[in-house]
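Notes for the one structure printed next.
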Amino acid sequence: MDTVVSGIRPTGELHLGNYFGAIKNFIKLQETHKCFFFIADVHSLTTHLKNEKLYENTLKIVATYLACGLDYNKVAIYRQSDVPEIFELYTYLNMLAYKGELERCVTFKEKAKKQPDNINAGLLTYPVLMTADIIIHKANKVPVGKDQEQHLEMARNFVSRFNRIFNIDFFPLPHPYSFDDDLIKIPALDGTGKMGKSENNAIYLTDDVNIIQKKVLKAVTDSGPTEPFQSMSEPIKNLFTFLKIFASENDYNYFLNEYNSCKIKYSELKYFLAEKINNFVQPIREKIFEFFENKNFLEKILNEGKEKARSSAIKTLLEVKKIIGFKI
Ligand code: TYM
């Protein structure tokens, strides 16, 4: 059976990008795969080492995982910081990750621009820790959104290097995974780029009907097509991406025809979309709040997850130490 690992940083509420890029796949994979889904709390420290909301945000992710349909009997739901083996493996992997390749990582360069006063070593070695997260369970499938593609490519480089250095076929190569043919990128409603928390443009799974409507109505549009079958500007393409996800084929085709015949009213499209998005978010939102009330239950799940994750991690780490040549 293939093994799956993925994680989400506890930086606050989760949004539609997190859902469609990652969680949607978690839910399907849990039926057929050995799954480890964690909360990347240590990764989140690379932006703010001091974070009073670390614990609260961690529990929020557990509540969201459950509200979206993850079954804690089928998968291990755990906190990264509860599995010390990950960090020991990270140390060893750091010896085969080179400064130059880490500096070339696009997310590193973006973060370095965003936080010029805090370009810390954790930020630089972020892809190494990600690799450790994955291979500590010898996973080969990693359900993530498009923005994580380069991290996964780096992980494969580190893994191949490890196998080559020790002349052993020990770790499988981890590949990004999506049930859709391509990795997903949920766009931003403010025109270009991706939906993200730090981009400040996200629709959260906890947003209520009014907030959703407000956000969707504020979506950037253009002045409308002036000739039939005019190619779409980026913001309009983005709205149609949302339609594809949330509306039926009929409704999608209706708005496409309206666009192609220059009759489209963007406000009609937006009201329609807001309603559809709310229909999707509402049941999840209600369950998130329900689960979040019960902190003891969430803690219990994390404890069970920790046991499952550690028993797998301890085995891998022991083998790694033997391969490296520690006397055990
Ligand atoms: P994070 O916390 O930024 O995002 C969690 C997941 O949500 C996906 N995602 C999106 N997918 C599509 N469209 C979007 N607009 C969008 N925004 C976010 C991300 O691709 C991700 O799958 N480095 C990771 C966390 C991590 C990890 C790992 C993942 C740490 N270790 C090991 C997999 C395996 C991150 O920061 O994701």
Side-chain angles (χ1 to χ4, degrees), residues 3-27 29 35-48 54 57-58 60-61 64-65 68 76 78-81 83 86-87 89-90 93 105-108 110-111 114 122-123 125-156 158-159 173-180 182-190 192-205 238 241-242 244-245 309 313:
T3 301
V4 176
V5 169
S6 195
I8 298 185
R9 284 170 302 135
T11 49
E13 320 290 337
L14 298 194
H15 53 72
L16 293 176
N18 300 132
Y19 183 89
F20 288 99
I23 300 177
K24 187 178 166 203
N25 285 301
F26 297 1
I27 298 160
L29 285 162
C35 292
F36 296 90
F37 297 131
F38 67 99
I39 296 104
D41 53 354
V42 175
H43 266 113
S44 74
L45 302 180
T46 56
T47 40
H48 301 285
L54 188 62
N57 286 342
T58 298
K60 252 183 208 163
I61 297 199
T64 308
Y65 278 171
C68 291
Y78 59 99
R79 193 165 24 190
Q80 187 184 27
S81 60
V83 183
I86 295 172
F87 305 97
L89 180 57
Y90 166 59
L93 292 176
C105 174
V106 173
T107 32
F108 171 71
E110 283 171 4
K111 289 271 180 188
K114 242 187 219 165
L123 206 55
T125 57
Y126 189 110
V128 186
L129 182 54
M130 253 185 90
T131 308
D133 293 329
I134 298 164
I135 68 176
I136 196 73
H137 303 299
K138 299 180 83 171
N140 56 343
K141 283 186 187 162
V142 188
V144 283
K146 179 104 185 131
D147 58 322
Q148 299 297 315
E149 202 168 27
Q150 193 190 19
H151 285 155
L152 266 290
E153 192 188 325
M154 293 175 80
R156 287 194 297 284
F158 300 143
V159 165
L173 291 183
H175 288 277
Y177 187 80
S178 169
F179 275 96
D180 301 285
D182 293 319
L183 295 182
I184 302 286
K185 175 186 148 189
I186 297 294
L189 283 173
D190 52 9
T192 53
K194 66 162 184 163
M195 179 177 286
K197 185 174 162 59
S198 48
E199 286 78 3
N200 221 350
N201 60 19
I203 295 180
Y204 295 103
L205 297 171
N238 290 347
T241 300
F242 277 92
K244 190 147 243 159
I245 294 172

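Remember, it's 1-based here, ligands and their atoms both numbered in the order they're listed. Just so we're clear, the structure is a prediction, and the values are computed from it rather than from any experiment.
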Record the part of [X] in heavy-atom contact with ligand 1 below 4.0 Å; permitted values are side chain, backbone, both and neither.
{"X": "D147", "result": "side chain"}
{"X": "V142", "result": "side chain"}
{"X": "L129", "result": "neither"}
{"X": "K185", "result": "backbone"}
{"X": "A22", "result": "side chain"}

Provide the number and element of each atom of ligand 1 under 4.0 Å from a heavy atom of [X].
{"X": "G145", "value": "11 (N), 19 (C), 20 (O), 22 (O)"}
{"X": "D133", "value": "28 (C), 30 (C), 31 (N), 32 (C)"}
{"X": "I8", "value": "2 (O), 5 (C)"}
{"X": "I134", "value": "32 (C), 34 (C)"}
{"X": "I184", "value": "11 (N), 12 (C), 13 (N)"}

Between [atom1] on residue [X] and [atom2] on residue [Y], distance to nearest 0.5 Å:
{"X": "L29", "Y": "K141", "atom1": "CG", "atom2": "NZ", "answer": "6.5 Å"}
{"X": "H137", "Y": "I86", "atom1": "NE2", "atom2": "CD1", "answer": "5.5 Å"}
{"X": "L173", "Y": "L152", "atom1": "CG", "atom2": "CG", "answer": "11.0 Å"}
{"X": "L45", "Y": "L54", "atom1": "CG", "atom2": "CG", "answer": "6.0 Å"}
{"X": "R9", "Y": "S198", "atom1": "CZ", "atom2": "OG", "answer": "7.0 Å"}

Give a yes/no on ligand 1: does H15 have at least one heavy atom closer than 4.0 angstrom to it?
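Yes, that is the case, since the closest heavy atom of the residue is under 4.0 Å from the ligand.
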Please work out which of K24, R9, Q80 has its closest non-hydrogen atom nearest to atom 1 (P) of ligand 1.
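Looking at heavy atoms only, R9 sits closest to atom 1 (P) of ligand 1.
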Out of M195, K146, H43, Q148, indicate the one that has the non-hydrogen atom closest to atom 15 (N) of ligand 1.
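Minimum heavy-atom distance to atom 15 (N) of ligand 1 goes to M195.
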Identified ring-ring contact (aromatic ring centres under 6.0 Å, His included) counterpart of F26 within the set F37, F38, Y177
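Result for ring-ring contact (aromatic ring centres under 6.0 Å, His included) with F26: F37.
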Nearest to [atom], what protein heavy atom do you find, and at what distance?
{"atom": "atom 25 (C) of ligand 1", "result": "G7 O, 3.4 Å"}
{"atom": "atom 9 (N) of ligand 1", "result": "G17 O, 3.7 Å"}
{"atom": "atom 13 (N) of ligand 1", "result": "I186 N, 2.8 Å"}

Taking it one step at a time, do I245 and I186 satisfy side chain to side chain contact (heavy atoms under 4.5 Å, CB included)?
CA-CA 10 Å; I245 294 172; I186 297 294; 3.4 Å; yes
With a 3.5 Å distance limit and no angle check, can you tell me whether S6 reaches the backbone of P143 through a side-chain donor-acceptor pair?
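Checked: pair present.
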Consider every N or O of [X] and every N or O of ligand 1, then say whether any pair is closer than 3.5 Å.
{"X": "F38", "result": "no"}
{"X": "N18", "result": "yes"}
{"X": "H151", "result": "no"}
{"X": "A40", "result": "no"}
{"X": "S6", "result": "no"}
{"X": "M130", "result": "no"}
{"X": "Y126", "result": "yes"}

Closest non-hydrogen atom pair, N238 against A188:
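Shortest heavy-atom contact: ND2-O, 3.4 Å.
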Decide yes or no for T46 and K111: does some side-chain heavy atom of the first lie under 4.5 Å from some side-chain heavy atom of the second?
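With C-beta onward as the side chain, the pair stays apart.
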Does the side chain of N201 come within less than 4.5 Å of L189's, by heavy atoms?
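No, their side chains stay 4.5 Å or more apart.
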Counting only heavy atoms from other residues, nucleotides and ligands, does the tally under 6.0 Å from NZ of K244 exceed 12?
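No, because the 6.0 Å sphere around NZ of K244 holds 12 heavy atoms or fewer from other groups.
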Any side-chain donor-acceptor pair under 3.5 Å between Y19 and T64?
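No, T64 and Y19 have no side-chain donor paired with an acceptor closer than 3.5 Å.
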Considering only NZ, NE, NH1 and NH2 on the basic side and carboxylate oxygens on the acidic side, decide whether R156 and E153 come within less than 4.0 Å.
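Salt bridge between R156 and E153, a charged N being under 4.0 Å from a carboxylate O: no.
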